[in-house]
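Note that the structure is predicted; figures quoted are calculated from it, not measured.
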Amino acid sequence: MKTSELILAIETSCDETAAAVIEGGTVIRSNVVASQIESHKRFGGVVPEIASRHHVEQITIVIEEALQQAGVEKKDLDAIAVTQGPGLIGALLVGVNAAKALAFSIGKPLIGVHHIAGHIYANRLEQEFAFPLLALVVSGGHTELVLMKEHGSFEVIGETRDDAAGEAYDKVARTLQLPYPGGPRIDKLAAEGKESIDFPRAWLESESYDFSFSGLKSAVINTLHNAKQKGETYPPADVAASFQASVIEVLVGKTLRAAEEYGAKQVIVAGGVAANSGLRAALEQAFADKQADLLIPPLALCTDNAAMIGAAASISYHQGKFADLAMNARASMPL
Amino acid sequence: MTILAMDTSNQLLGVAIVKDGITLGEHVMHGHRDHSVRLLPAIEQLMKETKTAPEDLDRIVVGQGPGSYTGVRISMATAKTMAWALDIDVIGVSSLEALAYQGQLFSGYVCPFFDARRGQVYTALYASSPNSMEQVEEAVNPLFTEWLEQLRDKGEKVLFLSPDIEIYRDIITETLGDQAVIPENSMHYARPSVLAQIGAARQADNLHQIVPDYVRLTEAESNWLKQQEQQK
Ligand SMILES: [Zn+2]
(Lines give C-alpha, C1' and ligand atoms only; values in the text may rest on other atoms or scores of the structure.)
Protein backbone atom coordinates (compact mmCIF):
# COMPACT_ATOMS: atom_id res chain seq x y z
CA MET A 1 0.00 0.00 0.00
CA LYS A 2 1.53 3.32 -0.95
CA THR A 3 2.15 5.97 1.66
CA SER A 4 1.41 8.97 -0.54
CA GLU A 5 -2.08 7.77 -1.42
CA LEU A 6 -4.51 10.23 -2.95
CA ILE A 7 -7.94 10.35 -1.32
CA LEU A 8 -10.91 12.29 -2.61
CA ALA A 9 -13.05 13.21 0.39
CA ILE A 10 -16.64 14.46 0.48
CA GLU A 11 -18.41 16.18 3.39
CA THR A 12 -22.12 17.13 3.44
CA SER A 13 -23.14 16.65 7.07
CA CYS A 14 -24.64 20.09 7.59
CA ASP A 15 -24.73 23.23 5.47
CA GLU A 16 -21.42 23.08 3.61
CA THR A 17 -20.98 21.04 0.45
CA ALA A 18 -17.30 20.18 0.44
CA ALA A 19 -14.77 18.06 -1.43
CA ALA A 20 -11.00 17.80 -1.10
CA VAL A 21 -8.04 15.82 -2.33
CA ILE A 22 -5.58 14.78 0.39
CA GLU A 23 -2.21 13.20 -0.25
CA GLY A 24 -0.72 10.82 2.29
CA GLY A 25 -3.10 11.99 5.00
CA THR A 26 -1.24 15.22 5.58
CA VAL A 27 -0.96 17.23 2.36
CA ILE A 28 -3.90 19.29 1.15
CA ARG A 29 -3.92 19.14 -2.64
CA SER A 30 -7.28 20.93 -2.77
CA ASN A 31 -10.01 21.91 -0.33
CA VAL A 32 -13.26 23.18 -1.85
CA VAL A 33 -16.18 24.37 0.27
CA ALA A 34 -19.49 25.68 -1.08
CA SER A 35 -21.11 27.39 1.87
CA GLN A 36 -24.87 27.81 2.17
CA ILE A 37 -24.83 30.36 5.00
CA GLU A 38 -26.39 33.03 2.79
CA SER A 39 -29.42 30.95 1.92
CA HIS A 40 -30.15 29.94 5.53
CA LYS A 41 -29.69 33.43 6.97
CA ARG A 42 -33.25 34.55 6.36
CA PHE A 43 -34.50 31.57 8.39
CA GLY A 44 -32.21 32.29 11.36
CA GLY A 45 -30.59 28.87 11.21
CA VAL A 46 -29.94 25.85 9.04
CA VAL A 47 -33.11 24.40 7.50
CA PRO A 48 -32.31 20.71 6.92
CA GLU A 49 -34.47 20.27 3.81
CA ILE A 50 -32.99 23.34 2.17
CA ALA A 51 -29.48 22.19 3.06
CA SER A 52 -30.15 18.82 1.41
CA ARG A 53 -31.49 20.48 -1.73
CA HIS A 54 -28.40 22.63 -2.02
CA HIS A 55 -26.13 19.63 -1.62
CA VAL A 56 -27.67 17.98 -4.70
CA GLU A 57 -27.15 21.20 -6.66
CA GLN A 58 -23.51 21.50 -5.64
CA ILE A 59 -22.19 17.98 -5.25
CA THR A 60 -20.71 17.27 -8.69
CA ILE A 61 -19.50 20.86 -9.02
CA VAL A 62 -17.40 20.73 -5.85
CA ILE A 63 -16.05 17.27 -6.63
CA GLU A 64 -14.97 18.40 -10.09
CA GLU A 65 -13.39 21.52 -8.70
CA ALA A 66 -11.52 19.58 -6.03
CA LEU A 67 -9.94 17.35 -8.67
CA GLN A 68 -9.16 20.26 -10.96
CA GLN A 69 -7.52 22.33 -8.25
CA ALA A 70 -5.50 19.32 -7.15
CA GLY A 71 -4.43 18.62 -10.73
CA VAL A 72 -5.53 15.04 -10.26
CA GLU A 73 -7.39 12.69 -12.60
CA LYS A 74 -10.08 10.33 -11.35
CA LYS A 75 -7.95 7.34 -12.23
CA ASP A 76 -5.11 8.63 -10.02
CA LEU A 77 -7.28 8.42 -6.90
CA ASP A 78 -6.64 5.60 -4.44
CA ALA A 79 -9.86 5.85 -2.44
CA ILE A 80 -13.08 7.82 -2.00
CA ALA A 81 -13.92 8.97 1.52
CA VAL A 82 -17.12 10.50 2.85
CA THR A 83 -18.61 11.68 6.11
CA GLN A 84 -20.95 8.88 7.16
CA GLY A 85 -22.27 10.69 10.26
CA PRO A 86 -23.23 12.16 12.60
CA GLY A 87 -25.14 15.05 11.08
CA LEU A 88 -28.36 15.95 9.30
CA ILE A 89 -29.53 12.70 7.76
CA GLY A 90 -30.92 14.18 4.54
CA ALA A 91 -27.73 16.15 4.04
CA LEU A 92 -25.44 13.20 4.78
CA LEU A 93 -27.35 11.00 2.33
CA VAL A 94 -26.36 13.17 -0.62
CA GLY A 95 -22.66 12.88 0.11
CA VAL A 96 -22.82 9.19 0.98
CA ASN A 97 -24.67 8.24 -2.20
CA ALA A 98 -22.42 10.41 -4.34
CA ALA A 99 -19.35 8.79 -2.78
CA LYS A 100 -20.70 5.28 -3.32
CA ALA A 101 -21.61 6.10 -6.94
CA LEU A 102 -18.14 7.50 -7.58
CA ALA A 103 -16.28 4.65 -5.88
CA PHE A 104 -18.28 2.08 -7.82
CA SER A 105 -17.97 3.87 -11.16
CA ILE A 106 -14.21 4.19 -11.07
CA GLY A 107 -13.59 0.99 -9.11
CA LYS A 108 -11.92 2.49 -6.04
CA PRO A 109 -12.30 1.57 -2.36
CA LEU A 110 -14.79 3.46 -0.21
CA ILE A 111 -14.12 4.82 3.28
CA GLY A 112 -16.75 6.07 5.73
CA VAL A 113 -15.53 8.71 8.17
CA HIS A 114 -16.92 9.91 11.50
CA HIS A 115 -17.39 13.67 11.34
CA ILE A 116 -15.70 14.25 14.70
CA ALA A 117 -12.72 12.08 13.74
CA GLY A 118 -12.48 14.45 10.81
CA HIS A 119 -12.47 17.54 13.02
CA ILE A 120 -9.73 16.02 15.16
CA TYR A 121 -7.65 14.97 12.15
CA ALA A 122 -7.85 18.49 10.71
CA ASN A 123 -4.93 19.14 13.04
CA ARG A 124 -2.78 16.48 11.43
CA LEU A 125 -2.81 18.55 8.26
CA GLU A 126 -0.70 21.02 10.28
CA GLN A 127 1.41 18.85 12.58
CA GLU A 128 2.06 15.13 13.15
CA PHE A 129 0.23 13.67 16.15
CA ALA A 130 1.97 12.61 19.36
CA PHE A 131 0.17 10.21 21.71
CA PRO A 132 -1.44 10.19 24.18
CA LEU A 133 -3.37 13.03 22.64
CA LEU A 134 -6.31 14.90 24.12
CA ALA A 135 -8.84 16.56 21.82
CA LEU A 136 -11.36 19.17 22.88
CA VAL A 137 -14.12 19.04 20.28
CA VAL A 138 -16.44 22.04 20.33
CA SER A 139 -19.00 22.81 17.66
CA GLY A 140 -22.68 23.50 17.10
CA GLY A 141 -23.50 19.87 17.74
CA HIS A 142 -20.64 18.66 19.96
CA THR A 143 -18.74 19.34 23.14
CA GLU A 144 -16.47 16.42 23.89
CA LEU A 145 -13.13 15.55 25.38
CA VAL A 146 -11.59 12.70 23.40
CA LEU A 147 -8.50 10.73 24.40
CA MET A 148 -6.43 9.12 21.66
CA LYS A 149 -3.73 6.59 22.51
CA GLU A 150 -2.96 5.79 18.88
CA HIS A 151 -4.14 6.57 15.36
CA GLY A 152 -7.77 5.72 14.71
CA SER A 153 -8.60 5.02 18.36
CA PHE A 154 -10.96 7.41 20.13
CA GLU A 155 -12.09 7.30 23.74
CA VAL A 156 -14.71 9.86 24.73
CA ILE A 157 -13.87 10.78 28.35
CA GLY A 158 -16.33 13.65 28.63
CA GLU A 159 -19.30 14.97 26.70
CA THR A 160 -22.16 17.40 27.07
CA ARG A 161 -25.20 16.24 28.99
CA ASP A 162 -27.50 18.73 27.30
CA ASP A 163 -26.62 21.53 24.89
CA ALA A 164 -23.42 21.66 22.88
CA ALA A 165 -21.34 24.77 23.47
CA GLY A 166 -22.09 26.01 19.96
CA GLU A 167 -25.81 25.56 20.55
CA ALA A 168 -25.63 27.71 23.67
CA TYR A 169 -23.81 30.35 21.63
CA ASP A 170 -26.54 30.31 18.98
CA LYS A 171 -29.34 30.60 21.54
CA VAL A 172 -27.70 33.42 23.46
CA ALA A 173 -27.01 35.18 20.17
CA ARG A 174 -30.68 34.94 19.30
CA THR A 175 -31.63 36.36 22.71
CA LEU A 176 -29.30 39.27 22.03
CA GLN A 177 -30.92 39.57 18.60
CA LEU A 178 -27.65 39.05 16.77
CA PRO A 179 -27.97 37.79 13.19
CA TYR A 180 -27.19 34.18 12.25
CA PRO A 181 -24.65 32.64 12.60
CA GLY A 182 -24.44 33.93 16.15
CA GLY A 183 -21.28 32.32 17.52
CA PRO A 184 -18.71 34.51 15.80
CA ARG A 185 -20.79 37.63 16.62
CA ILE A 186 -20.76 36.88 20.34
CA ASP A 187 -17.04 36.29 20.20
CA LYS A 188 -16.55 39.69 18.57
CA LEU A 189 -18.94 41.46 20.91
CA ALA A 190 -17.34 39.81 23.95
CA ALA A 191 -14.00 41.32 23.04
CA GLU A 192 -15.56 44.79 23.38
CA GLY A 193 -17.30 44.16 26.71
CA LYS A 194 -16.27 43.39 30.25
CA GLU A 195 -17.26 40.51 32.47
CA SER A 196 -19.71 42.35 34.73
CA ILE A 197 -22.40 39.68 35.23
CA ASP A 198 -21.67 36.62 37.31
CA PHE A 199 -23.12 33.71 35.32
CA PRO A 200 -22.88 30.16 36.76
CA ARG A 201 -20.12 27.67 35.90
CA ALA A 202 -21.35 24.09 35.49
CA TRP A 203 -18.46 22.01 36.86
CA LEU A 204 -20.74 19.00 37.64
CA GLU A 205 -19.14 16.28 39.87
CA SER A 206 -15.57 17.09 40.79
CA GLU A 207 -14.02 14.19 38.83
CA SER A 208 -16.33 14.45 35.82
CA TYR A 209 -15.19 15.59 32.40
CA ASP A 210 -18.76 16.06 31.22
CA PHE A 211 -20.20 19.42 30.28
CA SER A 212 -23.56 21.14 30.67
CA PHE A 213 -24.52 24.43 29.09
CA SER A 214 -28.30 24.57 29.33
CA GLY A 215 -28.22 26.08 32.87
CA LEU A 216 -25.92 28.83 31.67
CA LYS A 217 -28.09 29.49 28.65
CA SER A 218 -31.19 29.79 30.88
CA ALA A 219 -29.32 32.05 33.32
CA VAL A 220 -28.49 34.44 30.47
CA ILE A 221 -32.06 34.44 29.18
CA ASN A 222 -33.52 34.93 32.69
CA THR A 223 -31.11 37.72 33.60
CA LEU A 224 -32.02 39.65 30.47
CA HIS A 225 -35.72 38.97 30.97
CA ASN A 226 -35.69 40.14 34.61
CA ALA A 227 -33.76 43.25 33.74
CA LYS A 228 -36.23 44.09 31.01
CA GLN A 229 -39.16 43.78 33.43
CA LYS A 230 -37.49 46.23 35.77
CA GLY A 231 -36.87 48.56 32.86
CA GLU A 232 -33.13 48.02 33.08
CA THR A 233 -30.71 46.96 30.38
CA TYR A 234 -27.29 45.38 30.25
CA PRO A 235 -24.85 46.41 27.57
CA PRO A 236 -24.96 43.50 25.06
CA ALA A 237 -21.17 43.48 24.93
CA ASP A 238 -21.03 42.83 28.68
CA VAL A 239 -23.61 40.03 28.40
CA ALA A 240 -21.55 38.45 25.63
CA ALA A 241 -18.31 38.84 27.59
CA SER A 242 -19.82 37.38 30.76
CA PHE A 243 -21.43 34.45 28.92
CA GLN A 244 -18.28 33.68 27.00
CA ALA A 245 -16.19 33.87 30.18
CA SER A 246 -18.34 31.18 31.79
CA VAL A 247 -18.16 28.84 28.77
CA ILE A 248 -14.43 29.27 28.38
CA GLU A 249 -13.56 28.84 32.04
CA VAL A 250 -15.25 25.44 32.15
CA LEU A 251 -13.89 24.28 28.78
CA VAL A 252 -10.35 25.29 29.62
CA GLY A 253 -10.51 24.05 33.22
CA LYS A 254 -11.64 20.55 32.29
CA THR A 255 -9.26 20.31 29.35
CA LEU A 256 -6.34 21.29 31.56
CA ARG A 257 -7.24 18.74 34.24
CA ALA A 258 -7.73 15.94 31.70
CA ALA A 259 -4.44 16.75 29.97
CA GLU A 260 -2.61 16.38 33.29
CA GLU A 261 -4.43 13.24 34.41
CA TYR A 262 -3.75 11.41 31.15
CA GLY A 263 -0.30 12.84 30.59
CA ALA A 264 -1.25 14.17 27.17
CA LYS A 265 1.66 15.04 24.90
CA GLN A 266 -0.62 17.09 22.68
CA VAL A 267 -3.86 18.91 23.30
CA ILE A 268 -5.78 19.74 20.16
CA VAL A 269 -8.86 21.85 19.71
CA ALA A 270 -11.33 20.87 17.01
CA GLY A 271 -14.72 21.91 15.65
CA GLY A 272 -16.31 25.20 14.64
CA VAL A 273 -16.01 26.81 18.09
CA ALA A 274 -12.24 26.32 17.86
CA ALA A 275 -12.40 29.42 15.69
CA ASN A 276 -13.46 31.42 18.78
CA SER A 277 -10.73 33.92 19.57
CA GLY A 278 -11.60 34.10 23.27
CA LEU A 279 -11.26 30.35 23.61
CA ARG A 280 -8.01 30.30 21.68
CA ALA A 281 -6.48 33.01 23.84
CA ALA A 282 -7.56 31.37 27.11
CA LEU A 283 -6.22 27.96 26.06
CA GLU A 284 -2.93 29.44 24.90
CA GLN A 285 -2.52 31.14 28.23
CA ALA A 286 -3.47 28.03 30.22
CA PHE A 287 -1.10 25.74 28.35
CA ALA A 288 1.77 28.23 27.99
CA ASP A 289 3.89 26.63 30.72
CA LYS A 290 2.46 23.09 30.52
CA GLN A 291 4.08 19.94 29.23
CA ALA A 292 1.45 19.30 26.58
CA ASP A 293 1.71 21.07 23.23
CA LEU A 294 -1.40 22.98 22.30
CA LEU A 295 -2.55 22.71 18.68
CA ILE A 296 -5.36 24.78 17.23
CA PRO A 297 -5.98 24.48 13.49
CA PRO A 298 -6.17 27.56 11.28
CA LEU A 299 -9.68 28.99 10.94
CA ALA A 300 -10.40 27.42 7.55
CA LEU A 301 -9.83 23.95 8.99
CA CYS A 302 -11.94 24.54 12.13
CA THR A 303 -15.26 24.82 10.35
CA ASP A 304 -16.67 21.93 8.32
CA ASN A 305 -14.53 20.96 5.35
CA ALA A 306 -13.60 17.85 3.41
CA ALA A 307 -9.83 18.08 3.89
CA MET A 308 -10.26 16.89 7.47
CA ILE A 309 -12.36 13.94 6.25
CA GLY A 310 -9.58 12.99 3.86
CA ALA A 311 -7.00 13.28 6.65
CA ALA A 312 -8.99 10.94 8.91
CA ALA A 313 -9.68 8.57 6.01
CA SER A 314 -5.98 8.12 5.41
CA ILE A 315 -5.71 6.24 8.72
CA SER A 316 -8.56 3.89 7.71
CA TYR A 317 -6.89 3.42 4.34
CA HIS A 318 -3.65 2.26 5.92
CA GLN A 319 -5.49 0.11 8.44
CA GLY A 320 -7.45 -1.48 5.59
CA LYS A 321 -10.80 -0.36 7.00
CA PHE A 322 -13.06 -0.01 3.99
CA ALA A 323 -16.82 0.24 3.59
CA ASP A 324 -18.96 -1.63 1.10
CA LEU A 325 -21.64 -0.27 -1.23
CA ALA A 326 -24.37 -0.93 1.35
CA MET A 327 -22.90 1.74 3.62
CA ASN A 328 -25.58 4.11 4.86
CA ALA A 329 -25.56 7.60 6.32
CA ARG A 330 -26.13 7.76 10.08
CA ALA A 331 -27.63 10.77 11.86
CA SER A 332 -25.96 9.67 15.07
CA MET A 333 -23.08 7.27 15.45
CA PRO A 334 -20.49 6.53 18.12
CA LEU A 335 -16.96 7.82 17.61
CA MET B 1 -26.56 2.47 -26.67
CA THR B 2 -26.47 1.03 -23.15
CA ILE B 3 -28.63 2.75 -20.57
CA LEU B 4 -28.70 2.40 -16.82
CA ALA B 5 -32.03 3.62 -15.40
CA MET B 6 -32.83 4.11 -11.72
CA ASP B 7 -35.60 5.54 -9.57
CA THR B 8 -35.99 5.68 -5.79
CA SER B 9 -38.37 8.61 -5.57
CA ASN B 10 -41.27 6.58 -4.15
CA GLN B 11 -41.91 3.13 -2.63
CA LEU B 12 -40.29 1.37 -5.50
CA LEU B 13 -36.58 0.95 -5.89
CA GLY B 14 -36.11 0.30 -9.59
CA VAL B 15 -32.97 -0.31 -11.63
CA ALA B 16 -32.79 -1.41 -15.26
CA ILE B 17 -30.16 -1.98 -17.91
CA VAL B 18 -31.37 -1.54 -21.46
CA LYS B 19 -29.11 -2.06 -24.46
CA ASP B 20 -30.20 -0.88 -27.91
CA GLY B 21 -33.84 -0.99 -26.87
CA ILE B 22 -33.61 -4.45 -25.34
CA THR B 23 -33.99 -4.87 -21.61
CA LEU B 24 -31.08 -6.91 -20.30
CA GLY B 25 -32.29 -6.87 -16.74
CA GLU B 26 -34.48 -5.17 -14.20
CA HIS B 27 -34.38 -5.09 -10.44
CA VAL B 28 -37.42 -3.92 -8.49
CA MET B 29 -37.88 -3.79 -4.73
CA HIS B 30 -41.03 -2.61 -2.99
CA GLY B 31 -41.19 -0.75 0.28
CA HIS B 32 -40.01 2.76 1.12
CA ARG B 33 -37.14 1.80 3.41
CA ASP B 34 -33.43 1.69 2.90
CA HIS B 35 -33.23 2.99 -0.66
CA SER B 36 -29.86 4.43 0.33
CA VAL B 37 -28.59 1.04 1.49
CA ARG B 38 -29.96 -0.91 -1.46
CA LEU B 39 -29.51 1.25 -4.53
CA LEU B 40 -25.79 0.86 -5.25
CA PRO B 41 -25.70 -2.87 -4.37
CA ALA B 42 -28.70 -3.36 -6.69
CA ILE B 43 -26.91 -1.54 -9.50
CA GLU B 44 -23.73 -3.51 -8.89
CA GLN B 45 -25.58 -6.83 -8.88
CA LEU B 46 -27.57 -6.08 -12.01
CA MET B 47 -24.53 -4.90 -13.90
CA LYS B 48 -22.67 -8.02 -12.90
CA GLU B 49 -25.50 -10.30 -14.01
CA THR B 50 -25.92 -8.54 -17.32
CA LYS B 51 -22.14 -8.47 -17.80
CA THR B 52 -22.19 -4.71 -18.08
CA ALA B 53 -19.10 -2.82 -16.93
CA PRO B 54 -19.38 0.80 -15.83
CA GLU B 55 -17.37 1.82 -18.92
CA ASP B 56 -19.99 0.15 -21.16
CA LEU B 57 -22.66 2.64 -20.11
CA ASP B 58 -23.61 5.42 -22.51
CA ARG B 59 -26.21 7.23 -20.46
CA ILE B 60 -27.96 7.25 -17.14
CA VAL B 61 -31.68 7.91 -16.84
CA VAL B 62 -33.02 8.88 -13.45
CA GLY B 63 -36.52 9.23 -12.08
CA GLN B 64 -36.62 12.91 -11.23
CA GLY B 65 -39.59 12.77 -8.87
CA PRO B 66 -41.86 14.02 -7.53
CA GLY B 67 -42.02 11.84 -4.47
CA SER B 68 -40.22 11.51 -1.17
CA TYR B 69 -37.72 14.39 -0.93
CA THR B 70 -35.09 12.12 0.52
CA GLY B 71 -35.84 9.26 -1.86
CA VAL B 72 -35.58 11.35 -4.99
CA ARG B 73 -32.28 12.82 -3.82
CA ILE B 74 -30.76 9.37 -3.30
CA SER B 75 -31.15 8.38 -6.94
CA MET B 76 -30.40 11.87 -8.22
CA ALA B 77 -27.13 12.13 -6.27
CA THR B 78 -26.20 8.64 -7.43
CA ALA B 79 -27.13 9.22 -11.08
CA LYS B 80 -25.42 12.60 -11.34
CA THR B 81 -22.22 11.41 -9.74
CA MET B 82 -22.08 8.22 -11.81
CA ALA B 83 -22.63 10.19 -15.00
CA TRP B 84 -19.92 12.63 -13.97
CA ALA B 85 -17.51 9.86 -13.00
CA LEU B 86 -18.04 8.01 -16.29
CA ASP B 87 -18.25 11.16 -18.37
CA ILE B 88 -21.61 10.19 -19.87
CA ASP B 89 -25.02 11.81 -20.24
CA VAL B 90 -27.64 12.01 -17.53
CA ILE B 91 -31.33 12.39 -18.32
CA GLY B 92 -34.06 13.12 -15.80
CA VAL B 93 -37.52 11.71 -16.48
CA SER B 94 -40.58 12.51 -14.41
CA SER B 95 -41.47 9.61 -12.14
CA LEU B 96 -45.10 10.37 -12.93
CA GLU B 97 -44.47 10.04 -16.64
CA ALA B 98 -42.76 6.68 -16.18
CA LEU B 99 -45.80 5.52 -14.24
CA ALA B 100 -48.21 6.90 -16.87
CA TYR B 101 -46.57 4.60 -19.46
CA GLN B 102 -48.14 1.66 -17.64
CA GLY B 103 -51.27 2.90 -19.42
CA GLN B 104 -49.76 3.25 -22.87
CA LEU B 105 -52.29 0.90 -24.46
CA PHE B 106 -55.18 2.81 -22.94
CA SER B 107 -57.21 5.30 -24.95
CA GLY B 108 -58.17 8.32 -22.87
CA TYR B 109 -56.72 10.28 -19.99
CA VAL B 110 -54.10 8.72 -17.76
CA CYS B 111 -53.68 10.07 -14.23
CA PRO B 112 -50.58 8.80 -12.40
CA PHE B 113 -50.26 9.97 -8.80
CA PHE B 114 -48.30 9.54 -5.58
CA ASP B 115 -49.66 10.21 -2.13
CA ALA B 116 -48.23 13.44 -0.66
CA ARG B 117 -50.03 13.12 2.73
CA ARG B 118 -52.77 15.25 4.25
CA GLY B 119 -55.09 14.51 1.35
CA GLN B 120 -52.63 15.86 -1.18
CA VAL B 121 -51.07 14.06 -4.11
CA TYR B 122 -48.35 14.60 -6.67
CA THR B 123 -49.99 14.12 -10.02
CA ALA B 124 -50.09 15.12 -13.66
CA LEU B 125 -52.35 14.28 -16.57
CA TYR B 126 -51.55 12.51 -19.81
CA ALA B 127 -53.60 11.82 -22.93
CA SER B 128 -52.94 8.30 -24.15
CA SER B 129 -53.64 6.53 -27.38
CA PRO B 130 -51.96 3.32 -28.49
CA ASN B 131 -49.29 5.25 -30.34
CA SER B 132 -48.69 8.24 -28.11
CA MET B 133 -48.52 9.53 -24.60
CA GLU B 134 -48.90 13.27 -24.34
CA GLN B 135 -48.72 15.35 -21.21
CA VAL B 136 -51.75 17.63 -20.91
CA GLU B 137 -51.27 18.89 -17.34
CA GLU B 138 -47.95 19.69 -15.65
CA ALA B 139 -46.97 17.97 -12.42
CA VAL B 140 -48.88 19.55 -9.54
CA ASN B 141 -49.48 19.05 -5.83
CA PRO B 142 -53.24 19.51 -5.32
CA LEU B 143 -55.76 18.29 -2.77
CA PHE B 144 -56.86 15.07 -4.40
CA THR B 145 -60.59 15.80 -3.96
CA GLU B 146 -60.25 19.04 -5.93
CA TRP B 147 -58.16 17.38 -8.62
CA LEU B 148 -60.76 14.62 -9.00
CA GLU B 149 -63.51 17.16 -9.56
CA GLN B 150 -61.48 18.70 -12.38
CA LEU B 151 -61.06 15.28 -13.96
CA ARG B 152 -64.76 14.50 -13.60
CA ASP B 153 -65.60 17.74 -15.41
CA LYS B 154 -63.61 16.57 -18.44
CA GLY B 155 -66.37 14.04 -19.02
CA GLU B 156 -64.05 11.33 -20.35
CA LYS B 157 -62.57 8.08 -19.08
CA VAL B 158 -59.54 8.40 -16.82
CA LEU B 159 -57.10 5.61 -16.03
CA PHE B 160 -55.72 5.92 -12.49
CA LEU B 161 -52.27 4.56 -11.75
CA SER B 162 -50.63 4.76 -8.37
CA PRO B 163 -48.73 2.62 -5.87
CA ASP B 164 -50.96 4.42 -3.35
CA ILE B 165 -54.18 3.49 -5.16
CA GLU B 166 -55.73 1.75 -2.13
CA ILE B 167 -55.65 4.92 -0.03
CA TYR B 168 -57.79 6.69 -2.62
CA ARG B 169 -59.77 3.98 -4.41
CA ASP B 170 -63.09 4.81 -2.75
CA ILE B 171 -62.93 8.54 -3.26
CA ILE B 172 -61.99 8.04 -6.92
CA THR B 173 -64.97 5.79 -7.66
CA GLU B 174 -67.32 7.98 -5.62
CA THR B 175 -66.31 11.10 -7.53
CA LEU B 176 -65.88 9.73 -11.05
CA GLY B 177 -68.17 6.71 -11.14
CA ASP B 178 -67.97 4.98 -14.53
CA GLN B 179 -65.43 7.48 -15.81
CA ALA B 180 -62.76 5.98 -13.54
CA VAL B 181 -60.72 3.00 -14.69
CA ILE B 182 -58.60 1.29 -12.04
CA PRO B 183 -56.51 -1.66 -13.20
CA GLU B 184 -55.14 -4.63 -11.25
CA ASN B 185 -52.50 -4.16 -8.60
CA SER B 186 -49.51 -5.11 -10.76
CA MET B 187 -50.18 -2.21 -13.13
CA HIS B 188 -49.62 0.45 -10.49
CA TYR B 189 -45.83 0.35 -10.51
CA ALA B 190 -43.56 2.01 -13.03
CA ARG B 191 -41.05 -0.35 -14.60
CA PRO B 192 -37.50 0.98 -14.57
CA SER B 193 -37.05 -0.32 -18.14
CA VAL B 194 -39.78 2.11 -19.19
CA LEU B 195 -37.79 4.90 -17.61
CA ALA B 196 -34.87 3.87 -19.81
CA GLN B 197 -37.13 3.72 -22.86
CA ILE B 198 -38.39 7.27 -22.31
CA GLY B 199 -34.92 8.56 -21.53
CA ALA B 200 -33.40 6.96 -24.63
CA ALA B 201 -35.21 9.43 -26.86
CA ARG B 202 -34.49 12.54 -24.78
CA GLN B 203 -31.80 15.18 -24.96
CA ALA B 204 -29.27 15.04 -22.17
CA ASP B 205 -29.71 17.33 -19.20
CA ASN B 206 -26.98 19.60 -17.87
CA LEU B 207 -25.12 17.32 -15.49
CA HIS B 208 -24.25 19.91 -12.85
CA GLN B 209 -27.62 21.61 -12.98
CA ILE B 210 -30.04 18.71 -12.95
CA VAL B 211 -31.96 18.53 -9.66
CA PRO B 212 -35.00 16.62 -8.45
CA ASP B 213 -38.42 17.95 -9.38
CA TYR B 214 -39.86 18.39 -5.91
CA VAL B 215 -42.96 20.16 -7.31
CA ARG B 216 -43.32 22.09 -4.08
CA LEU B 217 -41.23 24.48 -2.04
CA THR B 218 -39.88 23.52 1.35
CA GLU B 219 -42.14 24.40 4.28
CA ALA B 220 -39.64 26.97 5.53
CA GLU B 221 -39.61 28.72 2.16
CA SER B 222 -43.38 28.83 1.72
CA ASN B 223 -43.83 30.13 5.29
CA TRP B 224 -41.22 32.76 4.63
CA LEU B 225 -42.95 33.82 1.40
CA LYS B 226 -46.27 34.07 3.25
CA GLN B 227 -44.64 36.29 5.86
CA GLN B 228 -43.19 38.55 3.17
CA GLU B 229 -46.63 38.73 1.60
CA GLN B 230 -48.24 39.76 4.89
CA GLN B 231 -45.65 42.46 5.51
CA LYS B 232 -46.47 44.17 2.23
ZN1 LIG C 1 -18.51 19.90 12.17
Under 4.5 Å, counting heavy-atom pairs only, tell me which of A:I63, A:V56, A:T60 racks up the most with chain B. A:T60
I'd like to know whether NZ of A:K171 has more than 12 heavy-atom contacts from other residues, nucleotides or ligands below 6.0 angstrom. yes
For the residue pair A:I50 and B:E221, establish whether any side-chain heavy-atom pair is separated by less than 4.5 Å. yes
So for A:L8, is it side chain, backbone, both, or neither that comes closer than 4.5 Å to the heavy atoms of chain B? neither
Option that, when pairs with chain A are counted at under 4.5 Å, heavy atom only, ranks first among B:P41, B:S36, B:A77: B:S36
Determine whether A:H55 and B:R73 make a side-chain contact, defined as any pair of heavy atoms from C-beta on separated by less than 4.5 Å. no
B:R59, CZ atom: more than 12 neighbouring heavy atoms under 6.0 Å: yes
What distance do A:E64 atom CD and B:W84 atom CH2 have between them, rounded to the nearest 0.5 Å? 6.5 Å
Most contact-rich option vs chain A, by heavy-atom pairs under 4.5 angstrom, among B:E219, B:Q209, B:H208, is B:H208
Which atoms of A:F43 are under 4.5 Å from chain B, going by heavy atoms: the side chain, the backbone, both sets, or neither? side chain
Within a radius of less than 6.0 Å around CG of B:N206, do more than 12 heavy atoms belonging to other residues, nucleotides or ligands occur? yes
Just how far is it from atom CG of B:L86 to atom CZ of A:F104, taken to the nearest 0.5 Å? 8.5 Å
Measuring heavy-atom distances to chain B, does A:L102 have an atom under 4.5 Å in its side chain, in its backbone, in both, or in neither? both
Between chain A and each of B:P212, B:P54, B:A85, count heavy-atom pairs under 4.5 Å; write down the option with the most. B:A85
Testing the basics here: between B:M82 and A:S105, what is the closest heavy-atom pair and its distance to 0.1 Å? CG-OG, 3.3 Å
A:Q177, CD: over 12 other non-hydrogen atoms inside 6.0 angstrom: no
What part of B:T218 lies closer than 4.5 angstrom to a heavy atom of chain A: side chain, backbone, both or neither? both
Please state whether the side chain, the backbone, both or neither of A:I106 comes within less than 4.5 Å of a heavy atom of chain B. side chain
Between B:E44 and A:K100 (salt bridge meaning N to carboxylate O under 4.0 Å), is one present in this structure? no
Under a 4.5 Å heavy-atom cut-off, does chain A meet the side chain of B:L217, its backbone, both or neither? backbone
Part of A:V47 within contact of chain B (heavy atom distance under 4.5 Å): side chain
Could you tell me the separation between the CG atom of A:N97 and the OG1 atom of B:T8, rounded to the nearest 0.5 Å? 8.0 Å
In short, A:L93 meets B:T70 closest at the heavy-atom pair CD1-CG2, 3.2 Å
How many angstroms lie between atom CG of B:D34 and atom CG of A:N328, to the nearest 0.5 angstrom? 6.5 Å
Check B:I43, B:L40, B:V37, B:L39 against A:L325 for a side-chain contact (heavy atoms from CB on, under 4.5 Å) and give me the one that passes. B:L40
Side chain from CB out, backbone as N, CA, C, O: work out which of these in A:Q58 comes under 4.5 Å of a heavy atom of chain B, or both, or neither. neither
Measuring from atom CD of A:E57 to atom NZ of B:K80, what distance do you get when rounded to the nearest 0.5 angstrom? 7.5 Å
